[in-house]
Number of protein chains: 2
Amino acid sequence: MSKQELPVLQPLASDTGSTACCTPPTREPLGQADAEELAPLFKAIADPVRLRLLSLIACHEGGEACVCDLTDAFDLTGPTISHHLKVLRKAGLIDCERRGTWVYYWINPAVLERLSAILGPRRGTS
Amino acid sequence: MSKQELPVLQPLASDTGSTACCTPPTREPLGQADAEELAPLFKAIADPVRLRLLSLIACHEGGEACVCDLTDAFDLTGPTISHHLKVLRKAGLIDCERRGTWVYYWINPAVLERLSAILGPRRGTS
DNA sequence: CGTCAAGTTAGATGTATGTCGAAACAAGAG
DNA sequence: CTCTTGTTTCGACATACATCTAACTTGACG
């Protein structure tokens with residue numbers, strides 16, 4: 001795992017006074033290992049269909065939605081929707097459970113919050 | 001442009017009581033236009049090299065770094081780094097300016113904060 | 001001017017990814 | 001058991017992307 005969960009993509013507010021090349025870093029930047037672990041997560045949400053899928057699930061009552069809800073919202077075939085859901089699931093962004101006839105999906109808020117924290121300044125650390 | 005800047009990917013805390021298919025949404029989910037506008041932004045950061053580039057720039061003193069700093073941090077050729085920087089620049093995530101011999105890059109915090117806000121709960125709206 | 005160094009752009013290539021239809025596969029309902 | 005609903009798998013295809021080499025642009029310095 002990564003040893004830091006800081007907004008390493010947000011600059012620290014500091015004066016702009018450097019005029020020379022190769023100024024030193026003020027914080028430890030994202031390591032290669034961390035970057036290669038994070039990139040697939042962002043890649044999972046870097047798709048219009050998957051963004052909408054996440055949003056549709058999150059905006060549903062109870063925070064979960066069944067696949068029929070999701071499929072109807074797109075002009076895509078069932079298998080394609082299923083593929084995108086699988087991508088999101090493999091990334092850990094969503095989970096699912098079969099309940100009777102239908103399969104329900106819900107958001108994993110922790111993962112999304114982690115990505116959010118890395119991108120921007122967090123006003124609280126849970 | 002998008003008319004909402006809410007954490008539409010985070011579920012509202014609510015009871016899980018739905019047992020029927022096709023429950024209604026509790027909020028307006030991300031529209032297709034918004035999703036197609038956001039996806040390229042996430043795609044821009046969905047790469048290990050670009051994530052590290054952003055981090056390297058953000059962590060540098062003064063919030064800016066010159067290309068030589070960045071190139072040295074990778075086992076990639078100059079043109080490849082330049083290509084990734086261009087992707088980030090086209091997405092509006094960074095800006096650059098030539099200052100004498102070197103070109104300096106800095107983060108555009110607003111765009112990153114916007115993405116952060118969409119992914120997770122924001123503790124402040126400014 | 002002429003030359004050197006720093007970056008960018010252009011072109012080419014191999015790989016990865018999104019999309020899809022058809023078919024196979026669960027899981028309940030009657 | 002049989003039918004219905006819905007999901008997953010499997011190839012196949014087109015597109016997009018990361019990366020390289022080579023050539024070009026721009027500014028600094030004699």
Side-chain angles (χ1 to χ4, degrees), chain A residues 18-23 32 35-36 38-54 56-57 64-91 93-106, chain B residues 18-23 32 35-36 38-54 56-57 64-91 93-106:
Chain A
S18 63
T19 55
C21 176
C22 300
T23 55
Q32 183 172 354
E36 286 178 353
L38 286 170
L41 294 180
F42 285 113
K43 191 168 290 186
I45 64 174
D47 182 275
V49 174
R50 292 197 286 270
L51 271 177
R52 288 186 64 201
L53 281 173
L54 281 176
L56 283 168
I57 296 171
E64 61 182 22
C66 81
V67 181
C68 58
D69 288 319
L70 308 174
T71 304
D72 293 349
F74 299 88
D75 274 338
L76 299 172
T77 62
T80 300
I81 297 295
S82 195
H83 158 71
H84 286 299
L85 288 172
K86 188 177 183 180
V87 172
L88 293 171
R89 212 175 47 216
K90 276 186 63 181
L93 290 161
I94 57 176
D95 269 315
C96 68
E97 181 190 38
R98 178 161 204 144
R99 216 173 298 153
T101 304
W102 301 295
V103 177
Y104 290 87
Y105 283 83
W106 61 87
Chain B
S18 63
T19 54
C21 176
C22 301
T23 56
Q32 183 172 355
E36 286 178 353
L38 286 170
L41 293 181
F42 284 113
K43 192 169 290 185
I45 64 174
D47 181 276
V49 175
R50 291 197 287 269
L51 271 177
R52 287 185 64 202
L53 282 172
L54 282 176
L56 282 168
I57 296 172
E64 61 181 22
C66 80
V67 181
C68 58
D69 287 319
L70 308 174
T71 305
D72 293 350
F74 298 88
D75 274 338
L76 298 172
T77 63
T80 299
I81 298 295
S82 194
H83 159 72
H84 285 300
L85 288 172
K86 188 178 183 179
V87 172
L88 293 172
R89 210 175 48 215
K90 275 185 63 181
L93 290 161
I94 58 176
D95 269 314
C96 68
E97 182 190 38
R98 179 164 201 146
R99 216 173 296 155
T101 305
W102 301 296
V103 177
Y104 291 88
Y105 282 83
W106 61 88

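Chain letters run A, B, ... following the sequence lines, proteins first, then strands; residues in each count from 1. What's counted below: heavy atoms across the whole structure, side chains too, no hydrogens, waters or symmetry copies. Since the model is a prediction, treat every value here as computed from it, not as a measurement.
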(Q) Please give me the minimum heavy-atom distance between B/Leu70 and B/Ala65, naming the atom from each residue. (A) CD2-CB, 4.2 Å
Q. How close do A/Ala39 and B/Asp47 get, heavy atom to heavy atom, and via which atoms?
A. CB-C, 3.8 Å
Distance check needed: [N] [atom2] versus [X] [atom1], whole Å only.
| X | N | atom1 | atom2 | value |
| --- | --- | --- | --- | --- |
| B/Arg98 | D/dG27 | CZ | P | 6 Å |
| B/Trp102 | C/dC4 | CH2 | C1' | 14 Å |
| A/Asp72 | D/dG6 | CG | C1' | 12 Å |
| A/Lys86 | D/dG6 | NZ | C1' | 16 Å |
| B/Glu97 | D/dT26 | CD | P | 17 Å |
| A/Leu53 | D/dT7 | CG | P | 12 Å |
| B/Glu36 | D/dA16 | CD | C1' | 16 Å |
| B/Phe42 | D/dA16 | CZ | P | 21 Å |

Q.
C/dA5, OP1 or OP2 - any side-chain N/O from B/Thr101 closer than 4.0 Å?
A. no
May I have the list of side-chain donor-acceptor pairs in residues 77-91 of chain B shorter than 3.5 Å, sequence neighbours left out?
| residue | atom | partner | partner atom | Å |
| --- | --- | --- | --- | --- |
| B/Thr77 | OG1 | B/Thr80 | OG1 | 3.0 |
| B/His84 | ND1 | B/Arg50 | NH1 | 3.0 |
| B/Arg89 | NH1 | B/Tyr105 | OH | 3.1 |

Q. How is B/Tyr105 classified with respect to the nucleic acid when contacts are heavy atoms under 4.0 Å: base, sugar-phosphate, or nothing?
A. sugar-phosphate
What nitrogen or oxygen pairs link the protein and nucleotides 14-24 of chain C at under 3.5 Å?
| residue | atom | partner | partner atom | Å |
| --- | --- | --- | --- | --- |
| C/dG18 | OP1 | A/Arg50 | NH1 | 3.4 |
| C/dG18 | OP1 | A/Arg50 | NH2 | 2.8 |
| C/dT19 | OP2 | A/His84 | NE2 | 2.3 |
| C/dC20 | OP2 | A/Thr80 | OG1 | 3.4 |

Q) Which value, rounded to the nearest 0.5 Å, describes the distance between B/Ile57 atom CD1 and B/Trp106 atom CH2? A) 10.5 Å
Q. Rounded to the nearest 0.5 Å, how far apart are CZ of B/Phe42 and CG of A/Leu41?
A. 12.0 Å
Q. Is the side chain of A/Arg52 donor-acceptor paired with the backbone N or O of A/Leu54 at a distance under 3.5 Å, no angle test?
A. no
